[in-house]
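Note that this is a predicted model, so its numbers are computed, not measured.
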Amino acid sequence: MLLEQGYGTQEANWFVDEKKGPGFCRVYYLESGRVFFHDEAGLQQLTPETLYIFPSHAPFSIRHQPSHPICCLWYHLNLFPIMVTSLIKIAVPPDGELFHLIAAFRCAIQNPATTAETLRYLADALTSFFNEEKLLPQPAAAEWTDYLQTHACENEAIYQIANRFGYTAEHFIRQFHEKTGMSPCQYRIHCRLNHAIGRLAAGASISDIAQELGYAESKSFSRAFRTHYGVSPQEYRKRRHAQP
């Protein structure tokens with residue numbers, strides 16, 4: 001799901017500091033600038049004329065040298081249930097398929113007449129390229145995670161879900177945690193709140209989102225969102241603005 005996009009050189013005070021995984025991926029095609037990425041593995045300088053996919057489910061920061069500011073094509077992409085936990089670096093050979101897809105996306109972003117549907121189509125084309133080239137991690141336990149994602153807004157008991165797949169609740173929970181790093185309940189909350197990110201970006205009201213996600217009241221949704229992302233839905237929406 002494409003959340004927002006842009007192209008250009010950023011202000012001297014620009015930086016990104018994700019103390020928790022944002023739930024979506026920042027995707028940059030870095031054209032120029034001295035840009036530094038830092039995560040638990042350490043500090044590294046990013047390479048111009050390279051495409052980067054930043055973590056969706058791990059903390060990190062990005063900064064640039066103000067005398068050599070970042071210039072990039074960028075967009076925010078919700079890839080859930082794929083969870084990106086480390087930086088993905090992709091070479092972009094001149095005149096290759098990826099080079100032309102990026103050029104088309106940049107032209108579309110710069111054209112005020114471009115429709116949102118066209119932008120989504122181009123973002124989907126890039127995601128298809130990533131998948132075809134096996135550049136993205138594949139979700140673990142796909143059959144289970146697909147079911148939970150499809151039925152995330154329902155309140156089916158975990159033992160009932162386990163029975164669907166022929167397991168006891170205890171065995172299903174244990175196997176699910178081993179494969180995904182979280183319990184089925186935690187994963188279902190992940191699914192709901194990742195949907196909320198897209199709806200917040202689209203301008204939906206807090207009460208409408210809470211109802212869509214199966215929460216009895218807005219306060220319950222806001223409390224779950226704050227626990228997961230560290231800010232309320234209202235604060236999250238205020239912080240979001242059109243920059244990488």
Side-chain angles (χ1 to χ4, degrees), residues 1-80 82-111 114 118-139 197 201 240-244:
M1 179 191 297
L2 178 65
L3 301 177
E4 54 190 355
Q5 65 288 318
Y7 169 76
T9 300
Q10 300 306 307
E11 299 290 338
N13 62 354
W14 172 87
F15 69 94
V16 171
D17 188 12
E18 294 290 0
K19 299 187 184 305
K20 295 180 70 174
F24 62 87
C25 288
R26 288 178 164 83
V27 183
Y28 294 4
Y29 174 66
L30 180 60
E31 290 195 350
S32 62
R34 288 178 58 82
V35 186
F36 301 89
F37 171 83
H38 186 265
D39 66 358
E40 63 179 8
L43 181 70
Q44 61 177 294
Q45 184 173 344
L46 305 186
T47 307
E49 300 180 358
T50 303
L51 189 140
Y52 291 93
I53 302 175
F54 295 91
S56 60
H57 289 78
F60 66 92
S61 63
I62 318 169
R63 283 173 169 76
H64 67 169
Q65 187 173 315
S67 58
H68 296 82
I70 182 173
C71 178
C72 65
L73 174 143
W74 61 270
Y75 63 105
H76 297 169
L77 189 65
N78 191 343
L79 288 170
F80 196 80
I82 294 173
M83 297 186 187
V84 180
T85 57
S86 59
L87 180 66
I88 298 173
K89 178 180 179 179
I90 303 172
V92 185
D95 293 329
E97 180 183 352
L98 182 55
F99 179 88
H100 291 295
L101 281 172
I102 291 170
F105 200 16
R106 180 173 55 230
C107 289
I109 289 171
Q110 291 179 292
N111 183 353
T114 301
T118 297
L119 292 171
R120 285 194 298 269
Y121 175 83
L122 290 167
D124 287 345
L126 282 162
T127 304
S128 295
F129 177 89
F130 302 152
N131 284 323
E132 288 168 5
E133 297 296 318
K134 296 181 170 52
L135 299 170
L136 296 173
Q138 295 305 304
I197 286 175
R240 290 181 62 82
H241 50 286
Q243 73 168 31

Criterion side-chain contact (heavy atoms from CB on, under 4.5 Å) on Val27 and Tyr52, from CA distance to verdict = CA-CA 6 Å; Val27 183; Tyr52 291 93; over 6 Å; no
For the residue pair [X] and [Y], establish whether any side-chain heavy-atom pair is separated by less than 4.5 Å.
X      : Y     : result
Leu87  : Phe54 : yes
Ser56  : Ile82 : no
Phe130 : Ile90 : yes
Pro244 : Tyr75 : no
Phe60  : Pro22 : yes

Exercise answer: donor-acceptor pairs, residues 35-47 side-chain atoms, under 3.5 Å, sequence neighbours excluded:
unit_1: Asp39; atom_1: OD1; unit_2: Ala41; atom_2: N; d: 2.9
unit_1: Asp39; atom_1: OD1; unit_2: Gly42; atom_2: N; d: 3.4

All pairs passing side chain to side chain donor-acceptor pair (under 3.5 Å) where residues 19-29 contributes a residue, at least two apart | Asp17-Lys19, Glu18-Arg26
Summary of side chain to side chain donor-acceptor pair (under 3.5 Å) pairs that have at least one residue in residues 125-135, sequence neighbours excluded = none
Heavy-atom closest contact ([X] atom, [Y] atom, distance):
X      : Y      : answer
Thr114 : Ala108 : OG1-O, 2.7 Å
Phe105 : Ala123 : CZ-CB, 4.3 Å
Asn78  : Gly23  : OD1-O, 3.7 Å
Leu98  : Ala91  : CD2-O, 3.9 Å
His64  : Ala12  : NE2-O, 3.2 Å

Sorted by chain and number, sequence neighbours left out, side chain to side chain contact (heavy atoms under 4.5 Å, CB included) with Asn13 holds for Glu11
With sequence neighbours left out, write down each residue that passes side-chain hydrogen bond (donor to acceptor under 3.5 Å, both in side chains) with Gln65, or none if nothing qualifies.
-> Arg34, Ser67, His68
What distance separates [X] [atom1] from [Y] [atom2], expressed to the nearest 0.5 Å?
X      : Y      : atom1 : atom2 : result
Leu122 : Gln5   : CG    : CD    : 10.0 Å
Ile70  : Thr9   : CD1   : OG1   : 9.0 Å
Leu51  : Lys89  : CG    : NZ    : 11.5 Å
Thr118 : Ile109 : OG1   : CD1   : 12.0 Å
Leu136 : Phe129 : CG    : CZ    : 11.0 Å
Gln10  : Phe15  : CD    : CZ    : 13.0 Å

Could you walk me through whether Leu135 and Ile53 pass the side-chain contact (heavy atoms from CB on, under 4.5 Å) check?
-> CA-CA 10 Å; Leu135 299 170; Ile53 302 175; 5.8 Å; no
Please lay out, stage by stage, how Ile102 and Leu126 fare under the test side-chain contact (heavy atoms from CB on, under 4.5 Å).
-> CA-CA 8 Å; Ile102 291 170; Leu126 282 162; 4.3 Å; yes
With side-chain contact (heavy atoms from CB on, under 4.5 Å) as the test, would you mind laying out the steps for Thr50 and Leu30 before giving the verdict?
-> CA-CA 6 Å; Thr50 303; Leu30 180 60; 5.6 Å; no
Pairs satisfying salt bridge (charged side-chain N to carboxylate O under 4.0 Å, His left out), at least one member in residues 94-107, at least two apart = Glu31-Arg106
